[in-house]
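Basis for what follows: all heavy atoms, side chains included, without hydrogens, waters or symmetry-related copies. The model shown is predicted, which means the values in this text are computed figures rather than measured ones. All residue numbers refer to positions in the sequence shown, counting from 1.
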Amino acid sequence: MAVIHKKGRARLEALREEHREASERLMEVFGDVLAAVREAAGPDSTASDDAADDETGAHEDDPEEGTTEAAVAQTALTGELVLKALAAGGGVAALSASHEAVAAHHGNNYLPLCEQYYKSHRPTLFALVDAVELEATSAERAVLDALEFVRANRDADRRAEWIEESVLVERDGKQVVLTIDVDAFAGPLWKRTLRDRRRPGMLARRHLEVCVFSHLAAELRSGDIAVVGVGFLRQLTYPADGVGGVREAGRGVLRSGRHAVGSEGPCRALPQPADQDGPRGG
C-alpha cells in the first residue's frame, strides 16, 4: 500500500505540471472577467445609464422605475463585457473543459489517484485477508469493521461506482444489516474522496477499498491490528529488494494486547504513511 500511495503522489505532481499552463491561462481569463465587471460598474457605465434615462424622460415622475432600468442596463453591459472576455480567452466550452481538468486535481489530495495503481493488487489483497485471521489489539475495531464491509461488497456490480453505507448480507442463514462508519477512522481528505454531497449516504466503492486497505496496512504496522495463526504472527511486509508481498516476519505471541514479532530474512515492515499523505488523508 505504501507503494500505491507513493505512485499516487507522483501522479498528482505530474498532473499539476501538465496543467500548469492551463491554470495560468484560466487565471488570466478570470482577471479579464473581473476587469470587465469593474468597467461595467465604473463611471462610464453610469454615464451610459444617464443617457438612457434622458432618452426615456420617464424617471422624473417615477424614480424607482429609473433605478430599475439603470440596474437592468448595467447588468446587460456587464454580461456583454464578461462574454467578450470569455470569448477572447477561448470560449466558454474550451474554458469549461480546461477548468474541469485543472479542478479535478486541485489542492493536495492525491488519494483519488491511488485507485488506478490499486486495481492490479486487488485480488491479492482480498486473498490475503481471506487467508489469515485478523485481531484488534485494543477495543478499537473501526478498521476491522470497515474491512468486513468491503469484503461483503467485493462481489458487488463492478460497474457500480457508488455503494450505500449500509448493505444487507446473509449470516448463518439470516439477513442482517452491515454498516460502515468512515468517520470513525478516515481523515478529511479521505472523506472528501469517498463522499459526494449530491449522493448522501453513498460511498465511492473503489476508493473505499483503497482507503480501508491503507488503514489496515497502517494498523498492522503500528500493532493496533495483528494477524494470528496457530501461534504465529504475520504482518504485511516488503522484501528489501522492493518487491511487495506477504512475508512471514517470524514467530511471536500476543502480550498484553500487543504483538511481538521477530524478524527473519531481508524484510522491512510496511511503512506507515504520514498524517497528511497517509491513510487518514489529512
Side-chain angles (χ1 to χ4, degrees), residues 4-53 55 64-117 161-162 182 186-200 202-204 206-208 210-211 273-278 280-282:
I4 291 173
H5 280 261
K6 182 178 180 180
K7 289 181 177 180
R9 286 191 292 268
R11 181 57 180 157
L12 177 61
E13 291 303 317
L15 288 171
R16 283 175 173 171
E17 189 60 33
E18 291 176 12
H19 297 148
R20 191 179 305 279
E21 183 177 346
S23 298
E24 294 173 355
R25 180 58 182 154
L26 287 172
M27 289 302 296
E28 291 177 3
V29 174
F30 182 61
D32 293 340
V33 169
L34 291 178
V37 174
R38 287 197 301 269
E39 180 180 346
D44 292 341
S45 175
T46 303
S48 299
D49 294 340
D50 292 341
D53 292 345
E55 290 179 3
E64 183 176 349
E65 181 181 351
T67 301
T68 301
E69 291 185 1
V72 171
Q74 181 176 338
T75 300
L77 179 60
T78 301
E80 179 182 349
L81 294 177
V82 167
L83 289 175
K84 182 178 180 180
L86 293 175
V92 174
L95 290 171
S96 295
S98 294
H99 175 264
E100 289 178 4
V102 172
H105 308 294
H106 180 68
N108 200 35
N109 189 8
Y110 70 91
L111 297 175
L113 301 171
C114 291
E115 190 270 334
Q116 60 187 297
Y117 306 109
E161 297 288 338
W162 300 85
V182 296
L189 293 183
W190 268 123
K191 294 175 188 177
R192 190 185 311 168
T193 302
L194 297 175
R195 289 174 171 152
D196 187 332
R197 286 176 295 180
R198 297 168 296 182
R199 297 179 175 88
M202 305 289 286
L203 298 171
R206 296 183 179 90
H207 296 314
L208 178 62
V210 182
C211 173
D275 288 342
Q276 179 178 358
D277 299 328
R280 289 192 178 274

Salt bridge (charged side-chain N to carboxylate O under 4.0 Å, His left out) involving [X] - partner list, sequence neighbours excluded:
X	result
Glu28	Arg25
Arg198	Asp196
Glu24	none

Hey, could you give me the [atom1]/[atom2] distance between [X] and [Y], rounded to the nearest 0.5 Å?
X	Y	atom1	atom2	result
Glu161	Met202	CD	CE	11.0 Å
His207	Trp162	NE2	CH2	7.5 Å
Leu111	Leu189	CG	CG	6.0 Å

Are side-chain heavy atoms of [X] and [Y] found at a separation under 4.5 Å?
X	Y	result
Val37	Leu81	no
Ile4	Glu115	no
Leu194	Cys211	yes

### Task
Applying side chain to side chain contact (heavy atoms under 4.5 Å, CB included), name anything that partners Gln116, two or more places apart in sequence or on another chain.
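Expected list: Arg11, Leu113.
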### Task
Go through the structure and list residues passing side chain to side chain contact (heavy atoms under 4.5 Å, CB included) with Lys7, not counting sequence neighbours.
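Applying side chain to side chain contact (heavy atoms under 4.5 Å, CB included) to Lys7 gives Val3, Tyr117.
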#### Entry: Which residues share a side-chain hydrogen bond (donor to acceptor under 3.5 Å, both in side chains) with Glu13, sequence neighbours left out
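Partners of Glu13 by the side-chain hydrogen bond (donor to acceptor under 3.5 Å, both in side chains) criterion, ordered by chain and then number, come out as Arg16.
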### Message
Tell me the closest heavy-atom pair linking Cys114 and His5, and the distance in Å.
### Response
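Nearest heavy atoms, Cys114 then His5: SG-CA, 4.0 Å.
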